[in-house]
Amino acid sequence: MQCKNIILGALAATIMLGSCSKSLLNTSPDNKYVEGNYWESEAAVDAALTGCYAVLTYSGMYGGDATPLWEETASPNAYNYSNSMGFNAIAEGTQEASSEGIIPTRYQNCYAGIGRCNSFLAHAGEVPLDAGDYAQMRGEVYFLRALYYFNLENYYGGVPLILDPPDEATQGDLPRTDRAVVVDQILKDLDSASSLLPLKYGAAAQGRATKGAALSLKARILLYEASPLLSTNTADSKEKWKAAEDAAEAVISLASQAGYGLYDNYRALFLPENENNKEVIFDVQFIYPDLGNSFDLIGRQYNTNAPLLGLAEAYEMNNGLAITDPNSGYDSNDPYKNRDPRLYATIVYPGDTFMGELVTNTRFSITGYGMKKYTVYDKEAASSDVSDLKSGQSYTNFIVLRYADILMMYAEARNEVSGPDNQVLSALNQIRARAGMPDITGTYTQDSMRSIIHLERRIEFAGEALYYNDVRRWKTAPTELNQKIYTYNHSAIESRTFDPARDYWWPIPQVQRDLNPNLEQSFGY
Amino acid sequence: MEFTIVRKKPARLKKQASVLKWRLLMLLCFSLSSLWLFAQSQIRGKVTAAQDQSPLAGATIHLIGSNTSALTGSDGAFTIAGKAGDSLSITMIGYLSKSLVIQGSSVGVIALQEDANDLTSVVVVGYGTQKKVNLTGAVTSVDMTKKEGQPITNASNALHGVPGLFVNLSNSQPGVDRATIRIRGIGTLNDNDPLVLVDGVEYDLNELNPNDIATVTVLKDASAAIYGSRAGNGVILVTTKTGHGQAKINYNFYHGVQNYTYMPDIIWDPIEYMKLKNQALINEGKDAVDYSDEEIAEYQAGMKTDPITYPSSNWFDIALKNGRIQKHDLSISGSNDKASYRLSLGFLDRNGIMIGPNNHEKKYSIGLNTSFKVSKRLTVGMTLDGYYRNYTQPFYTSFWSYLMRALPILTDTLEDGRYGNSWLRTPGRNNWENPRMIAYTGYGHKTVQRFVTSVFANYKLPFDLTYNIKYGIDKYDGLLEEFTPQVKTWNPKNPTSYINWNSPSTAPRSSNTDYNNLNQHFYQTLDWDKSFGDHHLSVMVGTSYDHFDTKNFDASMTGYLDATLTALDAGTERYSTGGNSTTDVLISYFGRANYDYKGKYLLEGIIRTDGSSRFADGRRWGSFPGISAGWRMDKEDFFPWKNTVNLAKLRASYGQVGNQAVPLYSYENSINLGKNYSFGGTLASGAAATAYTDPTITWETTTNYNLGLDLELFNHRLNFSADIYKKRTSNILRSVDIPDQVGGLTGPQQNIGVMDNKGLELTLGYHDHVGDFSYGVNGNISFNQNKVVDIDGQILYSYNTNLATITKEGLPIDSYYILDAIGIFQSDEEVANSPFQSVSTKAGYIKYRDVNNDGVINADDRIIIKSSSAMPKYTYGFNLDFGYKGLSLSVFFQGVGGLKIYPEGNLVFPFKNGAGANWEWATDAWTPENTGARLPIVTTSTDGDDNFKASDFWLRDGSYLRMKNIQLAYELPAKWLNRVKIAQFTIYVNAENYLTFSKYKDFDPETTLNVSSLYHYPMLKTLSGGVKITF
């Protein structure tokens, strides 16, 4: 009896295992979707679009701890003593294909963004959506894809141009596409974007790409394309400058409709409480505690974007004269007196007051200077809830494109096209007036105006990750990045080198060439 | 070392040593005994095996009621002083004991029956047992009872030196000190951990009190095929102790002191440190130095009067201390014809070598092993083994990385006890991480309850059939509680000014993580065993079902007032929550048949079919066959050396096993959530694919070939065993990197190709005795060679590991792929005339070979170092045992060879991101005066400096030979013990890891493999003493 039962039981168990085994083996994850059933709802399309934006906050793009603030240290404006993300190696001219940090990270994350954009463009249409929403979403994605490709071609030169969803079999071995072809595609995407995108959004959609953002990015790209680095043929460079001027003008002409203008207070322009103000055309949105950056920690304490003496000295006196001008009234014993107000809004210097305390020579021990721009701190003691912001706790948005830049683009391009006319001066003086600086008056040659514009860009955008690209495209890098750098008290820190044959362009990361031998290396690496 | 090879006769040596009683402790005793002996007559006899009448050497003859004992010689004969009417007891390991009364001057031939239940003669082989003489596979068994006196914290740490096993302990932190075990090399690029079963149920080797383990059996070849898809890395079968015979109470105790084996030799002299750091900066072309001459002068002067402001802190002395370990084990066991039982309790208490309260471990174990004969046919039973354990660690688990970054100029504490800082600003050091502060403030507590319990029944059916059924549960509950405080360090020069410690971004913060896993295992088998004359056949078929559920949940809060109330609900602001759960399932059908003819020709066949939920439908099922054969040559009539050779067996096996250890759902293209962004100040939920997947992935299959020879000679005194094997793994699953241009995605898991491991394992042992003095020597060496055979022409690089390695056909897996350093530049002229390296290169820098002769040193000049970065070429172990009456001494050595390591980071490279440097940089680095130095010119390794590129200059020989354990034991004479009714009392002294020979001296060589940095708990050496008492 007993025996029979056990045998029966065993048989039953065996049969049960056999018959149910197929379904028993079906398990599925509970915390992620699978591709096959993802593109089915509007919410899924929304989330995929958000995923395309998310890359903006990644390391190597505009986020991580402080990628764009560190990018300034590749320029003559600042110094990164701990070589964060390898930016100091770029400043020194010692970057290599196998370098870690920005070179492989930016490359990867740009393509992560591009892959997401390509997937969106290929699949979003599978979901029935409101036609207007769908058009706008596509516009946003075209803008983002253009921005990601711009971040590749601008540093690495030609890169594989891929417009389809990620597929290793067909894309894994593609070689570099000619840079000009990539740029053409970017411009095409931006044209699509500007035709699909609205001028502005309601409060809940702040941060999404607008028509103005697409046109502004186009203006920046055309300006870069017209610059000496990329436009070696003088014959068509004029044409290119004209295209850049027109592109900048297109944004300016949009200003009243879109509400663009210069924000009254240069310092407050960068504070979180004034985010999305009228000067902001496109910014990267951070939020605490989920999506923070470390701008405040970097600026207040780590000092890994320490301003250099060269930048501090580049600021004019508030009378508009350079400190080297004997009539400027510059006092080398009191060097920070009566200077361009933007100095005080950008840099903390020995003798300054910062966060309620007198700044000693060793408060910022690396160069003596601290970078105030993009921190929430100023002369006053900070309120206790923000006095000690740590890694990932800052949420100041990073402005990628702002109206002042459009004005400066316009001035620069127009000076190249038609010389220093009134429109050039007017654009410049709007910016100076907002900063509290006297107008530029008088007559200038195209060359002397160019120098003024170069200086104005350096000052206006100090700490905003633009000057490194400016010295590259102007081809002033062989002088500006080929010299000793100094602390506040004129003691040398190190010598930087710049090899014009090699250093204008970044190498393709070694890992990528190992994985795809069809990728040709940039010259000299 | 006390493991035994199950194919040979039991190693009797150790037993001999321990059963020898020291009768003649004192001269008086000696004389008295001698006088007494004189009055006795010499009783003669011979001990044989009942089974085949062969003489048994080394059996113990004890005159009951006295302290007189004798051993049988090689012919089985013995003499002992005694007289008619006295009783003798005859004991021998592997055989049932016997006692008899002396009648006359000879007791004749005493035949001992083999003890069928004795674990040393029977080997657990998976869903059953097998007589070890009949084994045809490569199976090694370790007798854990022989390690009872040793301070073993986890069972995995007891397997060093087992042939074919590479055991590596890289982290000795109390609570997580678990060795990595590799059986016969690396067969996969995924999880290489062997499958572990405890009494037939899958479990974690380390969640079991080592003192409850009787044997550990390792299945290395086709014999593992019975475990099919999870046997690719070999199988470890653990058998827990059971009760035998008369009721016994056992108590074991040891107490030990621990300290580290190696630490780097750091520059703790502050002046020397500052000067060398400055020199490094100057050498690399910086114009600014960290410490001005004035500061150094002030420091030098201040050191004499104010050691708090101007410290010369040796942080290894400050932050490390002697650790302590103690262990108590109590067990009660016994058996009769109806039931057997063993109940055990264990308690381990450790206090590690780090200062402060965050380095403790406590483990409470319980073990229960019962079986009941309900009827003639039915036996049922239950086992339970488990821990309740907890350990503490600093809230910031990188304590060790901060210790390795601590500088001599950092003040320990101010006079009033506040944590110190430095008044000197060192670029790169934004967080003045004071190791004492990390050790004392905040906490990380982990509490684990884990047990495996099983119920089983076996029922004898008609026709020689037996039905077995077992259901086991492995339950894991873990809770990790962490509190991250907000702590200040103070400037010793200006004690009102503090610097917050910055790294934990949202301190004070509390977080809890709950782990909740339940694995269920069910199997049933039907056994049939029958002899037909000289033919013997046994067949087993079965099915099993394994179900794995893992769940975890975590939550963090911020907004704490201070560090006094740290519970989650004492916080005010939610910081984060998370959770995750997975399920996977395995269903199997299996069978095994064994046939032998006269015990001479042995044959075994195995088949297993597994279905796994880890693969896509249609690719889930795999079958794994195994076949093996053995030939007992010594049993042949024509075998010529029957008198000398006691055993000569040839074994051959072939079989396939699989590996399914890929991350769950690797086959499905998934869209991950959490790719968020904010619009209008509100977080929006985002999603994106982040990994590329290959839906066609399926099992890895390892085909094992094994050829073995076992020999026992000279009455089993000499044993020799050799195994030669080849393991071919095909369809290797590996995560493959793909170019970023494909959407910046991480690569897929793919079946990429074929890899071979070939090897040879040799074991040789000899033991004998001269009178009361016994000795034994046992050694083994295992060679393994790994080669990637076919990966479809691909070249795979490992970038994730930091180590620059390459995997390519014809090479060992993950071979180093680095620049070839060919010396040090002696002059700037030499730099100018050599291929371009970098703009910073100058005299004193490492010179690399321009392999492709293009005038530039870059990644195209990398060379392949034909050596795996992960596995040694050979491992070996040997032990020496000596016994004299109750006294025994055993020494165990263990080593690995042919291993290259590539340590990196702080204290390997100098002055990295504001860290310190080794003394060697002060004494043996290149300078214009010291051009023959070993090291290049000193620079900081912060910037991608030319000197610290991945090159063979920094490749180190990680081979080592270690005296793993030396143990002295003394078993008190029975005469003394009888009065207090104690059956056995042994005192032990152990020294573990006290002697290591290695060329690598910066850190313990064993701990540096596969970790590459020095930021982890160092290897410990232990000096311990203990007792073992049996009532």
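In what follows, chains carry the letters A, B, and so on, assigned in the order in which the sequence lines appear, proteins first and then strands, with residues in each chain numbered from 1.
Taking a 6.0 Å sphere around CZ of B/Phe615, one finds it holds more than 12 heavy atoms contributed by other residues, nucleotides or ligands.
The most heavy-atom pairs under 4.5 Å with chain A, out of B/Asn676, B/Leu281, B/Thr682, B/Val289, come from B/Asn676. The greatest number of non-hydrogen atom pairs below 4.5 Å with chain B, out of A/Gln285, A/Gln206, A/Gln521, is found for A/Gln285. Highest contact tally toward chain B, considering only A/Ser98, A/Ala112, A/Ala47, A/Ala44, is held by A/Ala47 [criterion: heavy-atom pairs under 4.5 Å]. Top candidate by heavy-atom pairs under 4.5 Å with chain B, chosen from A/Gln95, A/Gln108, A/Arg513, A/Gln171, is A/Gln108. When A/Asp167, A/Leu49, A/Thr497, A/Thr57 are compared by the number of non-hydrogen pairs under 4.5 Å with chain B, A/Asp167 comes out ahead. Interface check for chain B: of the options A/Ala54, A/Ser491, A/Gly202, the most heavy-atom pairs under 4.5 Å are formed by A/Ala54. Contact count against chain B (heavy-atom pairs under 4.5 Å) is highest for A/Val284 among A/Thr170, A/Val284, A/Leu152.
The closest side-chain heavy-atom distance from B/Tyr677 to A/Ile287 is not below 4.5 Å. When side chains are defined from C-beta on, A/Leu174 counts as touching B/Gln741, because their heavy atoms get closer than 4.5 Å. Considering only heavy atoms from C-beta on, A/Phe364 stays 4.5 Å or farther from B/Arg425 through its side chain. With a 4.5 Å cut-off on side-chain heavy atoms, B/Lys675 and A/Arg116 count as touching. Looking only at side-chain heavy atoms (C-beta outward), A/Glu168 and B/Val742 come within less than 4.5 Å of each other. Between A/Tyr486 and B/Asp287 the shortest side-chain heavy-atom distance does not fall below 4.5 Å.
With a threshold of 4.5 angstrom between heavy atoms, B/Ile469 does not approach chain A through any atom at all. For a residue to count as touching a neighbouring chain, one of its non-hydrogen atoms must lie under 4.5 Å from one of that chain's; by this rule A/Asp290 touches chain B with the side chain only. Contacts between A/Leu519 and chain B at a heavy-atom distance below 4.5 Å involve the side chain alone, from C-beta outward. With a 4.5 Å cut-off on non-hydrogen atoms, B/Asp860 touches chain A through its side chain but not through its backbone. Interface remark: A/Pro509 contributes no atoms to any contact with chain B (heavy atom separation under 4.5 Å). Residue A/Ala97: no heavy atom, backbone or side chain, is found under 4.5 Å from chain B. Contacts of A/Ile114 with chain B are absent, with no heavy-atom separation under 4.5 Å from either backbone or side chain. When heavy atoms are compared at a cutoff of 4.5 Å, B/Ser685 approaches chain A solely by way of its backbone atoms N, CA, C and O. Contacts between A/Phe286 and chain B at a heavy-atom distance below 4.5 Å involve the backbone alone (N, CA, C, O). Contacts of B/Thr690 with chain A are made by side-chain atoms alone, with heavy-atom separations under 4.5 Å and no backbone atom involved.
Distance CD1/B/Ile738 to CG/A/Asn516: 11.5 Å, rounded to 0.5 Å. How far OH of A/Tyr288 is from CG of B/Leu683: 13.5 Å, rounded to the nearest 0.5 Å. In this structure, the separation between OH on A/Tyr81 and CG on B/Asp290 is 10.0 Å, given to the nearest 0.5 Å. The OG atom of A/Ser82 sits 11.0 Å away from the NZ atom of B/Lys912 when rounded to the nearest 0.5 Å. The line from OG of A/Ser119 to CG of B/Leu745 is 8.0 Å long, rounded to the nearest 0.5 Å.
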task: Carefully, step by step, assess B/Val856 and A/Tyr525 under the rule side-chain contact (heavy atoms from CB on, under 4.5 Å).
output: CA-CA 8 Å; B/Val856 180; A/Tyr525 290 98; over 6 Å; no

- prompt: Do A/Glu96 and B/Gln837 pass the side-chain contact (heavy atoms from CB on, under 4.5 Å) test, and can you show the C-alpha distance, the side-chain angles, and the key distance before you say yes or no?
  reply: CA-CA 10 Å; A/Glu96 292 184 0; B/Gln837 295 191 181; over 6 Å; no

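For A/Tyr53 and B/Phe679, the ring centers are positioned less than 6.0 Å apart.
B/Asp861 is linked by a side-chain contact (heavy atoms from CB on, under 4.5 Å) to B/Leu819, B/Asp850, B/Val851, B/Asn852, B/Asp854, B/Ile857, B/Asn858, counting only residues two or more places apart in sequence or in another chain.
What you find for A/Pro166 and B/Gly743 is that their closest heavy atoms are CG-CA, 3.9 Å.
Using a cut-off of 4.0 Å between Lys/Arg side-chain N and Asp/Glu carboxylate O, B/Asp740 and A/Arg106 are scored as not salt-bridged.
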